[in-house]
Chemist: 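Let me give you the structure first, and then I'll get to my questions.
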Protein chains: 2
Amino acid sequence: MTNTTAPDKSLSATKVSNVDLQLCFALYSASLSMTKTYKPLLSKLKLTYPQYLVLLVLWEKDGMTVNSISERLFSDSGTLTPLLKRLEKLGMIQRQRAREDERKVIITLTEAGRLLQTESTNVHSQIACSTGCTITELQALNNQLIMLRTNLIKNLNTV
Amino acid sequence: MTNTTAPDKSLSATKVSNVDLQLCFALYSASLSMTKTYKPLLSKLKLTYPQYLVLLVLWEKDGMTVNSISERLFSDSGTLTPLLKRLEKLGMIQRQRAREDERKVIITLTEAGRLLQTESTNVHSQIACSTGCTITELQALNNQLIMLRTNLIKNLNTV
DNA sequence: AAATAATATATTGTACACAATTTAATTGTG
DNA sequence: CACAATTAAATTGTGTACAATATATTATTT
């Protein structure tokens, strides 16, 4: 792609009224760009970005059920089940039914899964570097995105 | 911001140093939430969000090649080719090889494809409403996301 | 206790996202 | 002109994203 200094008009930037439309595309393309940035870093750990997100959750709190991971990541079982099976096949986690309620599946980190956390520490800093933003800018953007997400989810069924 | 149910700690919000990590997840989940918001509105038009993005591009400039659409949307042929074939099957576009260079495929809107633009006008306003943000806020967020995307893409091969 | 409802996960099917490879057409070079 | 290099799409294969449905387990109700 080389030339990144091309004029960024985004979609329909000429019409000022279409800020909503512009924002949606900016959000979409920025998210994809972020995934592309993560890809080479994570592929060294044999992980995809969504798999990495699951591990982040487990590093914070091990032994969660599929459902609680799902709520944390705004994901669903149709996505998580096969993803978790791949993580299990990779030897990063273990899947086992809860004894007190056999509908629930408990996800536990393996030794290898726990060790990955240390290996992944320098991933963060490289990402932060690639954003070209200051901590303050990242923090501001983070807050706005959380607000946006909260509003969108709140209004999901009201449209 | 009334009832947002669960407290939003995002991922690892406890560690202030992980702003980068938080931002990545906020971006990811906000983008997915946006797609979910679009879904019911677009399904009335029988479209998916990526298909809608292609139509937005064509409404702005008809008769583009696959490659130019690809650059505009930060997408690639592996994604676009099947997507465009579906849009063709839906009767929204036509795909034809360029006469002067038969490697290129020209994408042209059909009458039905052009007419959809009018039908989609109220989609924007409903999205803007769901964001719960003011025009100024949307504009600011848009600018920051474009900056972020530009930086990420610029640094893609430098990591 | 049997029937019913609710819950948690799994399965199926469609549609991206993207790397890697392939195919076909065009351009460049000797 | 012949032939390698380049370019534009298409193809293949893996991994989500998500709606809809199925299955199994637990809780409730009659």
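The sequence lines fix the lettering, A, B, ..., with proteins before strands; numbering per chain opens at 1. Quick caveat: nothing in here was measured; it's all calculated off a predicted structure. Side-chain atoms are counted along with the backbone in the values below, which use heavy atoms only and exclude waters and symmetry mates.
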Chemist: Closer to the 5' end of DNA chain C via nearest nucleotide, is it A:Ile106 or A:Lys36?
Modeler: A:Ile106
Chemist: Indicate whether any N or O donor in one side chain lies under 3.5 Å from an N or O acceptor in the other, for A:Arg149 and B:Ser33.
Modeler: no
Chemist: With the side chain of A:Pro50 defined as its heavy atoms from C-beta on, choose the nearest nucleotide among C:dC16, D:dA17, C:dA19.
Modeler: D:dA17
Chemist: Can you tell me if the side-chain N/O atoms of A:Ser77 get under 4.0 Å from OP1 or OP2 in C:dT9?
Modeler: no
Chemist: Go through residues 62-71 of chain A and report each residue with a non-hydrogen atom lying under 4.0 Å from DNA chain C, sorted by number.
Modeler: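 By residue number: A:Thr65, A:Val66, A:Asn67.
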Chemist: Yes or no on salt bridge (Lys or Arg N to Asp or Glu O under 4.0 Å) for A:Glu111 and A:Arg114, after CA distance, side-chain angles and deciding distance?
Modeler: CA-CA 5 Å; A:Glu111 186 62 23; A:Arg114 268 191 299 276; 3.0 Å; yes
Chemist: In whole Å, I'd like the distance from the OH atom of A:Tyr52 to the C1' atom of D:dG15.
Modeler: 19 Å
Chemist: May I ask you to test the B:Thr65-B:Ile107 pair for a side-chain heavy-atom distance under 4.5 Å?
Modeler: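 SC-SC contact between B:Thr65 and B:Ile107 ruled out.
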Chemist: Provide the Watson-Crick or G-U wobble partner of C:dA17, both distances under 3.5 Å; none if there is no partner.
Modeler: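 Paired with D:dT14.
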Chemist: For the residue pair B:Ala26 and A:Leu145, what are the closest heavy atoms and their distance?
Modeler: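 Scanning both residues, the minimum pair turns out to be CB-CB, 3.9 Å.
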Chemist: Looking only at side-chain N and O atoms, does B:Arg95 come under 4.0 Å of OP1 or OP2 in D:dA8?
Modeler: no
Chemist: Rounded to whole Å, how long is the line connecting atom CG of B:Asp101 with atom C1' of C:dG28?
Modeler: 15 Å
Chemist: Examine the base of C:dT7 for any acceptor or donor lying under 3.5 Å from a partner atom in the side chain of A:Arg103, and report the outcome as yes or no.
Modeler: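 Under the 3.5 Å cut-off, the side chain and the base do form a donor-acceptor pair.
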Chemist: State which of C:dT9, D:dC18, D:dA9 makes the closest approach to the side chain of A:Val105.
Modeler: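 The listed nucleotide nearest to A:Val105's side chain is C:dT9.
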Chemist: In whole angstrom, what separates A:Leu80's CG from D:dT16's P?
Modeler: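 In whole Å, D:dT16 P and A:Leu80 CG are 10 Å from each other.
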Chemist: Grab the CG-C1' distance between B:Leu73 and C:dA17 for me, whole Å please.
Modeler: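 One finds 13 Å between C1' of C:dA17 and CG of B:Leu73, rounded.
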Chemist: Using a strict heavy-atom distance below 4.0 Å, which residues from residues 82-91 of chain B are in contact with DNA chain D?
Modeler: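 Result for residues 82-91 of chain B: B:Lys85, sorted by number.
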Chemist: Would you say B:Thr81 places a side-chain N or O within less than 4.0 Å of OP1 or OP2 belonging to D:dA10?
Modeler: yes
Chemist: Can you figure out which of D:dT16, D:dC18, C:dA10 approaches the side chain of A:Arg97 most closely?
Modeler: C:dA10
Chemist: Classify the side chain of B:Thr48 versus the base of C:dA15 as yes if they form a donor-acceptor pair under 3.5 Å and no if they do not.
Modeler: no
Chemist: Can you sort out the partners of B:Asp76 under salt bridge (Lys or Arg N to Asp or Glu O under 4.0 Å), two or more places apart, ordered by chain and number?
Modeler: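 Testing B:Asp76 for salt bridge (Lys or Arg N to Asp or Glu O under 4.0 Å), a comparison that skips the adjacent residues, returns none.
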Chemist: Can you tell if the side chain of A:Leu109 reaches within under 4.5 Å of the side chain of A:Leu55, non-hydrogen atoms only?
Modeler: yes
Chemist: Between A:Val123 and A:Tyr38, is the side chain to side chain contact (heavy atoms under 4.5 Å, CB included) condition met? List the steps.
Modeler: CA-CA 8 Å; A:Val123 170; A:Tyr38 263 109; 3.7 Å; yes
Chemist: Figure out the NZ/P separation between B:Lys46 and C:dA15, and round it to whole Å.
Modeler: 12 Å
Chemist: Scan B:Thr35, B:Thr131, B:Leu138, B:Ile127 and name whichever one has a side-chain contact (heavy atoms from CB on, under 4.5 Å) with A:Cys24.
Modeler: B:Ile127
Chemist: Rounded to whole Å, please give me the gap between CD in B:Glu100 and P in C:dA25.
Modeler: 14 Å
Chemist: Within the structure, does a side-chain N or O atom of A:Gln51 lie under 4.0 Å from either OP1 or OP2 of D:dT16?
Modeler: yes
Chemist: In whole Å, what is the span from the OH atom of B:Tyr49 to the C1' atom of C:dA17?
Modeler: 15 Å
Chemist: Is a donor on one side and an acceptor on the other found under 3.5 Å between the side chain of A:Ser70 and the backbone of A:Val66?
Modeler: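 Such a contact is absent between A:Ser70 side chain and A:Val66 backbone.
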Chemist: Nearest-Å distance, CG (B:Leu42) to P (C:dC16)?
Modeler: 11 Å
Chemist: Could you please spell out the steps behind the ring-ring contact (aromatic ring centres under 6.0 Å, His included) verdict for A:Phe74 and B:Tyr28?
Modeler: CA-CA 10 Å; A:Phe74 301 91; B:Tyr28 181 78; 9.8 Å; no
